[in-house]
There are 2 protein chains.
Amino acid sequence: MTRTSLTREEVLAAAGSLVRQHGPAALTMRKLAAELGTAVTSIYWHVGNRESLLDALVERTVEELGEIRPRGRTPAARIVSVARTLRRELRARPHLITMVHERGLTERMFLPAQEALVHEMHAAGLRGARAAQAVRAIQFQVVGYVLVERNRERAPVQRPAEEELWDNAAAEQDPALARALGSAVDQDRLFTSSVRALVAGLLPADPD
Amino acid sequence: MTRTSLTREEVLAAAGSLVRQHGPAALTMRKLAAELGTAVTSIYWHVGNRESLLDALVERTVEELGEIRPRGRTPAARIVSVARTLRRELRARPHLITMVHERGLTERMFLPAQEALVHEMHAAGLRGARAAQAVRAIQFQVVGYVLVERNRERAPVQRPAEEELWDNAAAEQDPALARALGSAVDQDRLFTSSVRALVAGLLPADPD
DNA sequence: ACCTGAACACCGTTCAAGT
DNA sequence: ACCTGAACACCGTTCAAGT
């Protein structure tokens, strides 16, 4: 009644599910073996060691990242839509994205998005080194934003909360600002408006 | 000839030096004890456990972060200078900054910078919720950028390097762009130009 | 009040031995 | 070709015992 013997595929699937749910720290070789019902050492035969297991998971994530379809009428709108799609896809795989990044594969993962952005920069009239700089600015903005968000969400309650920090001088001069800085960040809105501002600053003034 | 007994201060100093040099993963209670010439268990008496030891180091880092002095003539220039200072200070403490972030103390660490930014937004004519949004956009941009840079520097060589990725269609249409995207990122320049673009997009059009 | 060693429950990895 | 248990060198933490 022994099942077909353990495969590399099974190991990767079980490991991937552990990482997706609880992060890489939760992936121990012993727990994984228990889950698979084998001896710890069998895993080593199939995937080498823990590090190359994680490498394989990351490789898979990079391949999974789908195509980017820009939406919208103006180049600016289409660029913003690429950024938003990127953010959504990255946020869906928080732990794996961090690992992709730590392994220096971010650039490769971003290739489809990069091509889409290049296309839009051309449509907007940017060329050469300036277009390249603009593409990278967007790319850094998106990745940076997602990393910041990840950390914010993983972090425990801010102590002290921003509210307590803002019952000071500025509050009397500009109560609306104090209130805004004292309340939680609306990350969706902040992201979109930041990207819009960046794009507006990067693209040449509207020609029509 | 026994020295004055072990102090909490000594423990923190030794731990801080280990973390600054090799990151938190390199801080093991046993190594720390060896460094201090005591039994492992003595450390527990002084600092509780590993986690609260790291907490204490982080607390210290937050306090250490100095004041921000904006430089430049226009509000836009002064905002860019704040962003650049912030980036420099964060980059000087890479491991500790990551830990501050993981512990959700980023906001508190940023308070002085936030106050400076609010001041400049007012000078530029922004008020209320819009000014708050702009302050946070800058803040996210800087932190995000530094996190991305950290990861890039820690990462091994990109494989494949971006060069190999860019011998494709776009290369013939716009060789200057292909060359630019195929060469290494000049992070200093990219940061400054991105912040300038963001600020330009955030501030109201120049009134004079 | 401060320090100690022994012990516990975990890790990743290697290796000789099995089938 | 694939799987195994024993063993090694590490971890963080607890605890009873010392001074």
Side-chain angles (χ1 to χ4, degrees), chain A residues 1-60 95-96 98-100 102-103 154-156, chain B residues 1-60 95-96 98-100 102-103 154-156:
Chain A
M1 243 234 279
T2 54
R3 274 316 226 103
T4 50
S5 66
L6 188 64
T7 63
R8 183 183 158 84
E9 207 48 42
E10 283 179 89
V11 176
L12 289 182
S17 135
L18 271 175
V19 169
R20 233 168 288 120
Q21 288 173 54
H22 307 107
L27 177 71
T28 76
M29 302 303 268
R30 286 172 153 93
K31 264 190 223 147
L32 184 54
E35 194 113 336
L36 289 165
T38 46
V40 202
T41 41
S42 307
I43 299 172
Y44 283 81
W45 196 91
H46 288 283
V47 299
N49 58 17
R50 185 171 181 277
E51 199 52 29
S52 47
L53 207 185
L54 292 176
D55 284 347
L57 290 179
V58 163
E59 185 61 32
R60 191 160 285 208
H95 297 305
L96 285 165
T98 306
M99 291 163 60
V100 167
E102 282 168 1
R103 281 165 176 72
R154 201 173 30 175
Chain B
M1 249 240 273
T2 54
R3 274 315 228 106
T4 49
S5 66
L6 187 64
T7 64
R8 183 184 158 84
E9 207 49 43
E10 282 178 89
V11 176
L12 289 181
S17 135
L18 271 175
V19 170
R20 234 169 286 121
Q21 289 172 53
H22 306 109
L27 177 71
T28 76
M29 303 302 267
R30 287 173 152 92
K31 266 190 221 145
L32 185 54
E35 194 114 333
L36 290 165
T38 45
V40 202
T41 41
S42 306
I43 298 171
Y44 283 81
W45 197 90
H46 287 283
V47 298
N49 58 16
R50 185 170 181 277
E51 201 51 31
S52 48
L53 206 185
L54 292 176
D55 285 347
L57 290 179
V58 163
E59 186 60 32
R60 193 161 283 207
H95 296 303
L96 285 165
T98 306
M99 290 164 60
V100 166
E102 283 170 359
R103 281 166 177 71
R154 200 172 31 173

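Residue numbering restarts at 1 for every chain, and letters A, B, ... go by the order of the sequence lines.
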What's the shortest heavy-atom distance between [X] and [Y], and which atoms?
| X | Y | value |
| --- | --- | --- |
| Val19(A) | Leu96(A) | CG1-CD2, 4.2 Å |
| Ala14(A) | Leu32(A) | CB-CD1, 3.7 Å |
| Ala33(B) | Val40(B) | CB-CA, 3.6 Å |
| Asn49(B) | Met29(B) | C-CE, 4.1 Å |
| Leu54(A) | Arg103(A) | CB-NH2, 3.2 Å |

Handout entry: Watson-Crick or G-U wobble mate for dC10(D), both contacts under 3.5 Å
Key = none
Problem - Watson-Crick or G-U counterpart of dC15(C), or none if no pair lies under 3.5 Å - result: dG5(D)
Problem - Rounded distance (Å) that lies between atom C1' of dA1(C) and atom CG of Leu6(B) - result: 13 Å
Problem - Gap between atoms CE and C1', on Met29(B) and dC10(C) respectively (whole Å) - result: 16 Å
Exercise for the section: Give Leu36(A) one of three labels, base, sugar-phosphate or nothing, depending on what nucleic acid heavy atoms sit under 4.0 Å from its own. Expected result: nothing
Practice task
Mind checking Leu32(A) for me? I need base, sugar-phosphate or nothing, with any heavy atom below 4.0 Å counting as a touch.
Solution key: nothing
Exercise for the section: Give me the residues of residues 41-54 of chain B where at least one heavy atom lies under 4.0 Å from an atom of DNA chain C, by number, or none. Expected result: Thr41(B), Ser42(B), Trp45(B), His46(B)
Exercise for the section: Output yes when a side-chain donor or acceptor of His46(B) lies under 3.5 Å from a complementary backbone atom of Leu6(B), and no otherwise. Expected result: yes
Fill in the blank from the handout: Assign each of Arg30(A) and Gly37(A) the nucleotide of DNA chain D bearing its closest heavy atom; nearer the 5' end lies the nucleotide of Gly37(A)
